[in-house]
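What follows is a single structure, written as structure tokens, with notes after it.
Numbers here are sequence positions counted from 1. Below, all heavy atoms of this structure are taken into account, side chains as well, without hydrogens, waters or symmetry copies.
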Amino acid sequence: MRRPKLVWTGLLFVLATVAVSAQEPPQRPTFRSGVDVIEVDVTVIDGDGRPIPDVDASEFTVRVDGDERRVVQAQFIWLRPPQESLPPPLESQQFFFTTNTEQRRGRLIVIAVDEESILFGEGRHVMRAAGDFVDQLTPLDRVALMALPTGQYIDFTSDLDRVREEVAGMAGRGSRVRRNLNMGLFEAYQISEYRDTDMQEVVTTRECGELLDRDFGCANRVFIEARSIVEEERFHALNTRRGLEAILRALSDYEGPKALVWIAGGLVLGREQAFLAEIEELAAASRTTVYALKVDAPQIDTSEQTSPPSPQEDDRMREAGLQAVTAIARGELMRAHYNPGPIFERLERELSGYYLLGVEARPEDRDEERRGIDVSVRREGARVRARREVSFAADTDVSVDESLARMLRSPVVTTDLPVRVATYAYRGADDGSVRVMVAAEVGGEVEIASDLTVAFALRDPEGTVVSTGKRSIAAALAVTPAGPVRRYTAPMMVGPGDYTLRIAVVDGAGQRGSVHHPFRAERRSNAPLAVGDLTLAERPSTPGEFQTPVEARVSSGWLLAYTELYADGSSTFDQARVVVEVADDESGPARASADAILGGSTDTPRRFVSAQVAVDHLPPGRYVARARVMRASDEVARLHRPFRITGSP
């Protein structure tokens, strides 16, 4: 008997190593009702799968263990913004700094293809439609792809083209096992699991025929064959169960709702349905909705000499398992026939938004970890998707290190604490490396409790972690126009390339914040002079107090600009000069300017460039500083960076 190999142990790592940062808003709105509330995710759709965004709290009816509760608030959250409000492609944006308070949320979608449950070569039309579904997603969405049970995967990514190409090239890997007897799946379960002697006699008569009187072992062979079929299906069900559990456990680290799109040929549960309770609990804890798309097997197999004896009953058994899982995970079973395109179009619409309900809580609710919940809407034609249970278990045992690790793994940023980060790249050693200065600010409009613990993870475009670190920040608060903040700076050496820097922070009260900052580390080679990034800051009142800022804010009337020049030989600097200008925008006329000073040793191929520009005559507002690098009368490089004038000296 062929048994599928169990390979699910790696899936926790699969989803724990997400690759590309997503721009997200605050994950969960804060209810300000004056009463304790239970937060419940609910989807309300019309007959075509479109979210209904105007349902008032008074139209919801919520019962907890049969007892009706007041719905305090109902907030509809769009996950698919209008096309005109979508951000430009990542490669066209310039990230001078990134803040988690302005990052917008997309959808987190996992596509899991159970290849062994789909017959070899079948399902290509479904996979092509799945690729078209990925094409419909927005730049804010993040998609992960799993091939089960082989373990192939693509981590959460915004590279939708890559996911589309991969999923469109998939097909089934399963096969019908050649057997001595022609017995259907339904018949095998009736004989082996339910000891149906009438069914065993029917199959024995059909398969043994006139040999029945002479071959007294035929009935026994029928039973052994039935048991073999059942054992194989059990093994596949176990494999699938472990896979689903691993995915859902990994997704529980990521805040916000998720969708699992499970493409499969079926799942046979038989009597082994106890694991459904575990699936339901994990789906609720991870806020994951499971949708199953069933790929139909061909009713007629030309490679078989005889037709399957119970094709319809077999198909219903495979479908029933998928139906059971989606029913407990707030999802739906969808049957992918010859034209699955409309199914995926409906799914994309349904994932466009959801309601977060604030339901009145009572003291006795805390006595139990889970209670039954029922949600309905008094709106004609509206369909509601909600979970069957609500959890009251508090996740209070998570250590600071684990909390930091979860935030660094997650494609979703955390916004309890506002975090802003910027990076500045300069040429490193002669080995071709790049020296990157990281500047971060934590706080502002949110009060920080005691010291901070900060951790970071630097990832390359493939999602590989190339550098990590952790430290505590106990420095005094710095006063800024946005409010008091704690500042964090750190240098790092990296190779040239594109990176995503993830920073996570936790304060003494357990408040958390994280931010994802994409940047490019490059050794600019504008021969004969190369240049580093432009750093701007307010001129410090006391020499030596300069600290690299996230964004320069000037109120003293003086702007400090800094960069570096590089050349193959020191003589190249003889005719070099740098002019720093201040303008309303990148290409506007200069409203202030100053010549920079070139410092550093005359026998090295690097010069430190600094300039102080008087801006006391300019009103408060946003400006751009330009550094024009000249050699003789020729401009060989130009840098720019925005800054703010926040007040007059």
Exercise. What distance separates I343 CD1 from R335 CZ, expressed to the nearest 0.5 Å?
Worked result: 9.5 Å

Exercise. Below 4.0 angstrom, N of the basic side chain to O of the carboxylate: do R287 and D41 qualify?
Worked result: yes

Exercise. Salt bridge between R387 and E280, side-chain N to carboxylate O under 4.0 Å?
Worked result: no

Exercise. Does the pair R316/D314 count as a salt bridge with the N-to-O cut at 4.0 Å?
Worked result: no

For this session: For the pair E350 and R50, find out whether any cationic side-chain nitrogen is under 4.0 Å from an anionic carboxylate oxygen.
Result: no

Problem set entry | For F344, ring-ring contact (aromatic ring centres under 6.0 Å, His included) partners two or more places apart | F133

Problem set entry | Salt-bridge present (E207, R221; N to O < 4.0 Å) | no

For this session: Please name all residues satisfying ring-ring contact (aromatic ring centres under 6.0 Å, His included) with Y355, sequence neighbours left out, ordered by chain then number.
Result: F60, F76

Exercise. Between R206 and E201, is the closest basic N to carboxylate O distance under 4.0 Å?
Worked result: no

Problem set entry | Charged N-O contact under 4.0 Å between R142 and D159 | no

Exercise. Salt bridge between R241 and E245, side-chain N to carboxylate O under 4.0 Å?
Worked result: yes

For this session: Please report the C-alpha distance between T43 and V384 in whole Å, then the side-chain angles of each, then the deciding distance to 0.1 Å, and finally whether the side chain to side chain contact (heavy atoms under 4.5 Å, CB included) criterion is met.
Result: CA-CA 6 Å; T43 301; V384 177; over 6 Å; no

For this session: Please identify each residue that fulfils ring-ring contact (aromatic ring centres under 6.0 Å, His included) with Y194, with sequence neighbours left out.
Result: none

Problem set entry | Distance-only donor-acceptor check, side chains D114 and H236, under 3.5 Å | yes

Problem set entry | Pair R164 + D161, salt bridge at N-O below 4.0 Å | yes

Exercise. Going by an N to O cut-off under 4.0 Å, is there a salt bridge joining R378 and E59?
Worked result: no

